[in-house]
Amino acid sequence: MHIDLSGKTSLVTGSTAGIGHAIAKGLAATGANVVVNGRSQGKVDEAVAAVKKSAKGGTITGVAADVSTAEGCAALVKAQPDVDILINNTGIFEPKGFFDIPDEDWQRFFDVNVMSGVRLSRAYMPAMLKRNWGRIVFIASESALMIPKEMIHYGMTKTAQLSISRGLAELTRGTAVTVNAVMPGPTMSEGVKTFVADLARQNGQSEAEAAANFVKQHRPGSLIQRFATVEEIANMVVYVSSKEAAVTNGAALRAEGGLVQTIA
Ligand code: NAD
């Protein structure tokens, strides 16, 4: 299978680092035009330069905007009024016991992880339906199904993304637009590297030992028994964004190393 998305324009939120950055590179390698997004202009410029190295003829541009606010989303849509492929990737996580999570954190997690995708889908999806082609992908998490007891607020946002994604797919009936969610498991992104480095420091271990122990202790159900690479997650996202994935719609696709034990 050869995925060719030349002529299509994609936007990946939160793509200056981590999974989003790998998705931006993966889409660039299919010939798609890619719009990179992050909060700071400097990081966006750096990311655009890095993604350009993977480009296969598409244009690579960037917009600095904070997608956790209504104003930030509006500024992003103003700068890039139309896209064929929207990847709602931006997301934050932080382990914190339920009894220590204040209202502000619940609201912040909801704004960053959920409302960013709601606002951008509301802005971009009508033109996709009108054109009769489009892809929206929400980067959820296996934590949508296996709510982590150390960050219930994060789990809540990821379950919400599955709900919104499935609901939006219902609006695509009879068109060639699809809306899906991808659920990564533990993945060695920039954010997770910092988290693992902290664990290593706290426990007097090397980072490799801390990563291996984390999977063994906290994700014992993982069949791959390791963190995924960001490229391994991007592969699934690029596929579901492709023309070849035309009949996958309304799905919550797993890229979680077999952590979730149920079959369906
Ligand atoms: P990361 O922290 O490595 O990168 C996040 C990116 O988003 C960065 O580029 C950051 O600058 C950007 N960003 C953060 N807040 C933003 C905002 N308000 N506006 C614009 N950009 C913003 O994160 P990651 O680990 O790659 O996670 C990406 C997505 O994947 C998230 O939705 C996360 O929940 C999901 N996910 C990650 C893992 C994992 O183990 N890494 C597992 C499952 C799901």
Side-chain angles (χ1 to χ4, degrees), residues 11-26 35-48 50-51 62-76 79-80 87-95 108-117 119-120 137-148 150-151 153-162 164-165 181-197 199 211 214-215 218-219 222 224 226-234 236-237 252-257 259-260:
L11 163 63
V12 187
T13 66
S15 48
T16 57
I19 293 172
H21 192 60
I23 296 170
K25 284 181 171 168
V35 182
V36 169
N37 158 255
R39 283 158 298 176
S40 91
Q41 190 64 54
K43 289 258 173 69
V44 168
D45 292 345
E46 273 173 37
V48 167
V51 174
V63 180
D66 181 345
V67 297
S68 70
T69 67
E71 300 73 39
C73 287
L76 177 52
Q80 183 63 45
I87 313 293
N88 289 314
N89 167 74
T90 300
I92 52 170
F93 52 92
E94 181 193 23
R108 186 165 55 89
F109 270 68
F110 196 75
D111 286 340
V112 180
N113 294 6
V114 180
M115 287 311 295
S116 53
R119 290 181 174 126
L120 294 175
V137 184
F138 286 80
I139 308 304
S141 167
E142 47 80 22
S143 297
L145 304 178
M146 315 261 289
I147 312 298
E150 73 280 9
M151 41 184 186
H153 55 342
Y154 175 73
M156 172 279 292
T157 64
K158 294 291 148 181
T159 314
Q161 286 184 304
L162 298 193
I164 295 159
S165 165
V182 168
M183 295 187 288
T187 305
M188 210 34 100
S189 64
E190 266 73 0
V192 166
K193 275 182 199 154
T194 310
F195 169 73
V196 168
L199 274 183
F214 176 85
V215 174
H218 297 282
R219 301 290 185 272
S222 164
I224 60 171
R226 64 173 175 83
F227 281 80
T229 65
V230 290
E231 290 79 17
E232 286 168 330
I233 306 304
M236 170 73 98
V237 179
L253 301 162
R254 297 178 190 174
E256 36 57 282
L259 251 170
V260 179

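When a ligand or atom number is given, it counts from 1 through the structure's own listing order.
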Colleague: Is ligand 1 under 4.0 Å from a heavy atom in the side chain of Asn37, in the backbone, in both, or in neither?
Modeller: side chain
Colleague: Measure from atom 39 (C) of ligand 1 to every heavy atom in Asp111, Thr13, Thr187 and give the option owning the shortest one.
Modeller: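 Residue with the shortest heavy-atom distance to the ligand atom: Thr187.
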Colleague: Would Gly185 count as a contact residue for ligand 1, given that I'm defining contact as a non-hydrogen atom of the residue lying under 4.0 Å from a ligand atom?
Modeller: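 Yes, Gly185 has a heavy atom closer than 4.0 Å to ligand 1.
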Colleague: Could a heavy atom of Ala65 be found less than 4.0 Å from some atom of ligand 1?
Modeller: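 Judged by the 4.0 Å heavy-atom criterion, Ala65 does count as contacting ligand 1.
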Colleague: Mind checking whether Pro184 contacts ligand 1 via backbone (N, CA, C, O), side chain (CB onward), both or neither, at a 4.0 Å heavy-atom cut-off?
Modeller: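 Pro184 to ligand 1: contacts from backbone and side chain alike.
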Colleague: Counting distance only, does the side-chain N/O of Thr159 pair as donor-acceptor with the main-chain N or O of Ala144 below 3.5 Å?
Modeller: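 The answer is yes, because a donor-acceptor pair under 3.5 Å joins these two groups.
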Colleague: Students should be able to answer this: which protein heavy-atom is nearest to atom 9 (O) of ligand 1, and at what distance?
Modeller: Thr16 OG1, 2.6 Å
Colleague: What is the minimum heavy-atom distance between Lys25 and Ala50, and which atoms define it?
Modeller: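 Between these two residues, the closest heavy atoms are CE-O, 4.1 Å.
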Colleague: Quick one: look at Met188 and ligand 1, take heavy-atom pairs under 4.0 Å, and tell me if it's side chain, backbone, both or neither.
Modeller: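 No part of Met188 comes within reach of ligand 1.
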Colleague: Glu142 pairs by side-chain contact (heavy atoms from CB on, under 4.5 Å) with which of Ser222, Pro148, Pro186, Pro184?
Modeller: Pro186
Colleague: Search all heavy atoms of Ala140 against all heavy atoms of Leu162 and return the closest pair with its distance.
Modeller: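 Looking at all heavy atoms of both residues, the shortest contact is CB-CD2, 3.7 Å.
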Colleague: Name the closest protein heavy atom to atom 37 (C) of ligand 1, giving the residue it belongs to and the distance to 0.1 Å.
Modeller: Ile19 CD1, 3.6 Å
Colleague: Which atom pair, heavy atoms only, marks the closest approach of Ser68 to Val112?
Modeller: CB-CG2, 3.5 Å
Colleague: State, to 0.1 Å, how close Phe227 and Thr187 come at their nearest heavy-atom pair, and which atoms those are.
Modeller: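 Phe227 and Thr187 have their closest heavy atoms at CD2-N, 3.6 Å.
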Colleague: Counting each atom of ligand 1 from 1 as listed, which ones have a heavy atom of Val192 under 4.0 Å away?
Modeller: 39 (C), 40 (O), 41 (N)
Colleague: Is it the side chain, the backbone, both or neither of Thr90 that has a heavy atom closer than 4.0 Å to ligand 1?
Modeller: both
Colleague: With a cut-off of 4.0 Å, which atoms of ligand 1 are near a heavy atom of Ser68?
Modeller: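 Those of ligand 1 that fall under 4.0 Å from Ser68 are 18 (N).
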Colleague: Between Val51 and Ala24, which heavy-atom pair has the shortest distance, and what is it?
Modeller: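 Shortest heavy-atom contact: CG1-O, 3.8 Å.
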Colleague: At under 4.0 Å between heavy atoms, is it the side chain or the backbone of Ser116 that contacts ligand 1, or both, or neither?
Modeller: neither
Colleague: Quickly, which of Thr13, Ile233, Ile139 forms a side-chain contact (heavy atoms from CB on, under 4.5 Å) with Ile23? Name it, please.
Modeller: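 Between Ile23 and the candidates, side-chain contact (heavy atoms from CB on, under 4.5 Å) is satisfied uniquely by Ile139.
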Colleague: Heavy-atom distances under 4.0 Å are what count here, so tell me which part of Tyr154 touches ligand 1: side chain, backbone, both or neither.
Modeller: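 Only the side chain of Tyr154 comes within reach of ligand 1.
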Colleague: Students should be able to answer this: which protein heavy-atom is nearest to atom 18 (N) of ligand 1, and at what distance?
Modeller: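 That would be Asp66 OD1, 2.7 Å.
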Colleague: Please state which protein non-hydrogen atom is closest to atom 31 (C) of ligand 1 and give its distance, to 0.1 Å?
Modeller: Asn89 O, 3.2 Å
Colleague: Hey, is the main chain of Ala65 close enough, under 3.5 Å, to the side chain of Asn37 for a donor-acceptor pair?
Modeller: yes
Colleague: If you have a sec, work out which protein heavy atom is nearest atom 19 (N) of ligand 1 and how many Å separate them, to one decimal?
Modeller: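 Among all protein heavy atoms, the one nearest atom 19 (N) of ligand 1 is Val67 N, 3.1 Å.
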Colleague: Distance to 0.1 Å, residue and atom name: give those for the protein heavy atom nearest to atom 6 (C) of ligand 1.
Modeller: Gly14 O, 3.3 Å
Colleague: To which of Arg39, Gln161, Lys158 does the heavy atom nearest atom 17 (C) of ligand 1 belong?
Modeller: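 Result: the heavy atom closest to atom 17 (C) of ligand 1 is in Arg39.
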Colleague: Measure the distance from atom 25 (O) of ligand 1 to every protein heavy atom, then report the residue, atom name and distance (to 0.1 Å) of the closest one.
Modeller: Ser189 OG, 2.5 Å
Colleague: Show which atoms of ligand 1 fall inside a sub-4.0 Å distance from at least one heavy-atom site of Glu190.
Modeller: 3 (O)
Colleague: Select the closest option to atom 44 (C) of ligand 1 among Gly91, Ala140, Pro186, judged by heavy-atom distance.
Modeller: Ala140
Colleague: Apply the test side-chain contact (heavy atoms from CB on, under 4.5 Å) to residues Val196 and Met188: give CA-CA distance (whole Å), side-chain angles for both, the deciding distance (0.1 Å), then the verdict.
Modeller: CA-CA 9 Å; Val196 168; Met188 210 34 100; 4.1 Å; yes
Colleague: For ligand 1, which atoms, with element, lie under 4.0 Å from some heavy atom of Gly18?
Modeller: 3 (O), 26 (O)
Colleague: Out of curiosity, Ile147 CD1 to His153 NE2, how far, rounded to the nearest 0.5 Å?
Modeller: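 Separation between the atoms: 12.5 Å.
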Colleague: Stepwise, does the side-chain contact (heavy atoms from CB on, under 4.5 Å) test hold for Val215 with Arg226?
Modeller: CA-CA 6 Å; Val215 174; Arg226 64 173 175 83; 5.5 Å; no
Colleague: Does Asn113 form a side-chain contact (heavy atoms from CB on, under 4.5 Å) with Tyr154? I'd like the steps, not just the answer.
Modeller: CA-CA 8 Å; Asn113 294 6; Tyr154 175 73; 3.7 Å; yes
Colleague: Under 4.0 Å from a heavy atom of Phe93: give me the atoms of ligand 1 that qualify, with their elements.
Modeller: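 So the answer, numbered in order with elements, is 25 (O).
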Colleague: For the residue pair Ser143 and Lys158, what are the closest heavy atoms and their distance?
Modeller: C-CB, 4.3 Å
Colleague: What protein heavy atom sits nearest atom 3 (O) of ligand 1, and how far off is it?
Modeller: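 For atom 3 (O) of ligand 1, the nearest protein heavy atom comes out as Gly191 N, 2.9 Å.
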